[in-house]
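Let me begin by handing over the structure; questions about it come next.
Note that the structure is a prediction, hence the values are computed from the model and not measured.
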Amino acid sequence: MSNEYVNAGIKEIYIADGTAAFPSDLSNAVGVGVRNSATLTSEPFNAIVAGTQKLKYDVLHNVTIEAETLQIDDADLWSRVIAAAKSSRATIAAVTAGATKSGTDPDYVVGSSEGGVFLFENGATDDALGADFELFLTPTERRLSLTFERAFPHDETGGSGSWQKLVNDAATNTIPFAAERLPDLDASAVVAGYVEPDFVPASLSGDFTSPRFADFSIKLATDSTKNALNVSNARRVNVELMAKLEGPDLTAMEELLTNDVASADLVVALGSSVSFTFKSGGLSREGSLTISDAERSGSFTYSGSYDLDFVSESLGSITFAAHLA
């Protein structure tokens with residue numbers, strides 16, 4: 001038995017179609033690339049407890065993979081993420097420490113006998129993970145938080161579909177290799193530089209200009225329930241768009257306090273590749289004011305929730321429809 005010391009590190013997390021095994025070609029998978037933290041954790045889930053003796057008997061073992069990617073202007077990534085949320089299935093390959101390339105051109109593969117390539121796929125058994133996402137974009141933060149999770153049977157014999165088998169298989173699992181795809185870095189997909197909100201109502205567009213706008217945020221998050229195996233069943237996507245104005249005059253203050261339901265589509269571009277269209281009737285607007293010795297500001301917020309079944313994606317154009325199209 002090996003007793004090697006293995007360094008910490010997640011090299012990449014790839015996302016592919018959760019209705020199938022991990023693809024033989026990386027063009028059918030996308031990595032999180034430029035990112036913040038990423039973790040793979042496992043722990044007992046819903047153990048049976050003998051209360052008097054405080055003994056625990058494991059039935060399931062929960063696996064959670066979390067990553068924060070900055071590559072939010074990536075149409076392929078969004079396509080995978082939305083499909084995974086809709087189907088409650090994501091095929092994931094988590095490449096950890098010790099990754100090496102082997103094989104011959106053009107059939108190189110990546111493996112990691114000590115650190116492990118952890119594969120969660122809909123192959124011989126359905127080991128794909130549930131999926132949730134949360135987008136958070138402000139003047140200083142631009143990140144897409146991804147969570148993939150599921151509980152697997154605890155079976156120390158390494159039986160089919162168990163967490164122990166997934167761990168054992170990690171030593172021999174391989175995924176395709178493609179040049180400059182481990183990690184899958186794409187700086188052009190990072191929304192960098194100075195940006196201003198593009199969802200301001202026309203009646204306020206003359207006020208929300210540099211340097212008067214004080215803050216903004218774009219938030220999207222799946223609204224999910226969990227099943228017995230801790231798989232997320234995403235039903236809706238919650239949306240919140242906020243912009244804050246410094247020094248509003250009385251006319252702007254009155255307009256900021258308008259409460260209505262958006263009667264026209266709102267289009268929000270994340271960058272050059274990805275844009276969101278929030279269809280009319282799905283978001284309501286309300287405003288607030290602050291006047292003090294230190295601050296005079298006003299803000300408005302569009303908020304609402306869209307049925308995930310009515311969300312569609314085509315070449316980076318993501319449409320959130322309030323009705324069945």
Under 3.5 Å: donor-acceptor pair, side chain of D198, backbone of A269 |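 Yes, because the side chain of D198 sits within donor-acceptor range (under 3.5 Å) of the backbone of A269.
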
For residues G161 and F152, report the shortest heavy-atom separation together with the two atoms involved.
->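 Reported closest heavy-atom pair: O-CD2, 3.6 Å.
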
Could I get the full list of side-chain hydrogen bond (donor to acceptor under 3.5 Å, both in side chains) partners for D223, not counting sequence neighbours?
->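 So D223 forms no side-chain hydrogen bond (donor to acceptor under 3.5 Å, both in side chains) with any residue.
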
Partners passing side-chain hydrogen bond (donor to acceptor under 3.5 Å, both in side chains) against S224 (at least two apart in sequence or in another chain) =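 side-chain hydrogen bond (donor to acceptor under 3.5 Å, both in side chains) list for S224, sorted by chain: D132.
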
Under the criterion side-chain contact (heavy atoms from CB on, under 4.5 Å), which of I92, V117, T91, N173 is the partner of F22?
->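 Only one option passes, and that is T91.
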
Atom CG of L55 with >12 non-hydrogen neighbours under 6.0 angstrom =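 More than 12 heavy atoms, drawn from other residues, nucleotides or ligands, come within 6.0 Å of this atom.
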
Aromatic ring centroids of F133 and W78 under 6.0 Å?
->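 Centroid separation for F133 and W78: below 6.0 Å.
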
Please collect all side-chain hydrogen bond (donor to acceptor under 3.5 Å, both in side chains) contacts where either partner lies in residues 97-110, sequence neighbours excluded, each pair once.
->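 Sorted result for residues 97-110: empty, none.
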
Got a sec, which pairs hit salt bridge (Lys or Arg N to Asp or Glu O under 4.0 Å) with one end in residues 22-31, sequence neighbours left out?
->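 Qualifying pairs, neighbours excluded: none.
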
How long is the gap from OG1 on T277 to CG on L266, to the nearest 0.5 Å?
->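 T277 OG1 to L266 CG: 9.0 Å, rounded to 0.5 Å.
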
Can any side-chain N or O of R236 pair as donor or acceptor with the backbone N or O of L308 at less than 3.5 Å?
->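 The answer is no, because no donor-acceptor pair under 3.5 Å joins these two groups.
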
Salt bridge (Lys or Arg N to Asp or Glu O under 4.0 Å) contacts in which one or both residues fall within residues 171-182, not counting sequence neighbours =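 For residues 171-182, and leaving out neighbouring residues, the salt bridge (Lys or Arg N to Asp or Glu O under 4.0 Å) pairs sorted by first residue read R181-D184.
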
Which atom pairs, one a donor and one an acceptor, fall under 3.5 Å between side chains of residues 241-249 and the rest of the protein, sequence neighbours left out?
from : atom 1 : to   : atom 2 : distance (Å)
K244 : NZ     : E295 : OE2    : 3.1
D249 : OD1    : T251 : N      : 3.2
D249 : OD1    : A252 : N      : 2.8

Any residue meeting salt bridge (Lys or Arg N to Asp or Glu O under 4.0 Å) with E156, in chain and number order, not counting sequence neighbours |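 Here no residue qualifies.
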
Atom pair NZ/OG of K219 and S303 - distance to nearest 0.5 Å =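 Answer rounded to 0.5 Å: 11.0 Å.
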
Using the test salt bridge (Lys or Arg N to Asp or Glu O under 4.0 Å), find all partners of K279 that sit at least two apart in sequence or belong to another chain.
->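 Salt bridge (Lys or Arg N to Asp or Glu O under 4.0 Å) check on K279 returns D265.
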
Verify whether one side chain among T225 and N233 offers a donor that lies under 3.5 Å from an acceptor in the other.
->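 There is no such pair between these side chains.
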
State whether the side chain of E254 and the backbone N or O of L257 hold a donor-acceptor pair below 3.5 Å, judged by distance alone.
->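 It does not hold such a pair.
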
Under the salt bridge (Lys or Arg N to Asp or Glu O under 4.0 Å) test, which residues partner D74, sequence neighbours left out?
->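 None.
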
Distance-only donor-acceptor check, side chains R143 and S145, under 3.5 Å =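 The answer is yes; a qualifying pair exists.
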
Does the side chain of H154 pick up a donor-acceptor pair with the side chain of Q164 at under 3.5 Å?
->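 The criterion, which ignores hydrogens and geometry beyond distance, is satisfied for Q164 and H154.
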
S280-S263 side chain donor-acceptor pair, cut-off 3.5 Å |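 Judged by distance alone, the side chains do not pair up.
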
For K226, salt bridge (Lys or Arg N to Asp or Glu O under 4.0 Å) partners two or more places apart |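 Salt bridge (Lys or Arg N to Asp or Glu O under 4.0 Å) check on K226 returns E149.
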
Does the side chain of I175 come within less than 4.5 Å of L119's, by heavy atoms?
->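 Side chain of L119 against side chain of I175, heavy atoms only: contact under 4.5 Å found.
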
State, without any angle test, whether T19 and D17 hold a side-chain donor-acceptor pair at a distance under 3.5 Å.
->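 On atom types as modelled, these side chains qualify, holding a pair under 3.5 Å.
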
Which pairs count as ring-ring contact (aromatic ring centres under 6.0 Å, His included) when at least one residue sits in residues 167-200, sequence neighbours excluded?
->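 Not a single pair qualifies under ring-ring contact (aromatic ring centres under 6.0 Å, His included).
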
What about F278 and F320, are their ring centers closer than 6.0 Å?
->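 Centroid separation for F278 and F320: below 6.0 Å.
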
When you look at N62 and T64, which way does the side-chain hydrogen bond (donor to acceptor under 3.5 Å, both in side chains) test go after all the steps?
-> CA-CA 7 Å; N62 193 66; T64 306; 3.1 Å; yes

Checking K86 side chain against V311 main chain: does a donor-acceptor pair fall under 3.5 Å?
->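 Present.
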
Listed partners of E134 passing side-chain hydrogen bond (donor to acceptor under 3.5 Å, both in side chains), at least two apart |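 Expected list: none.
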
How far does OG1 of T69 sit from CZ of R142, to the nearest 0.5 angstrom?
->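 These two atoms lie 14.0 Å from each other.
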
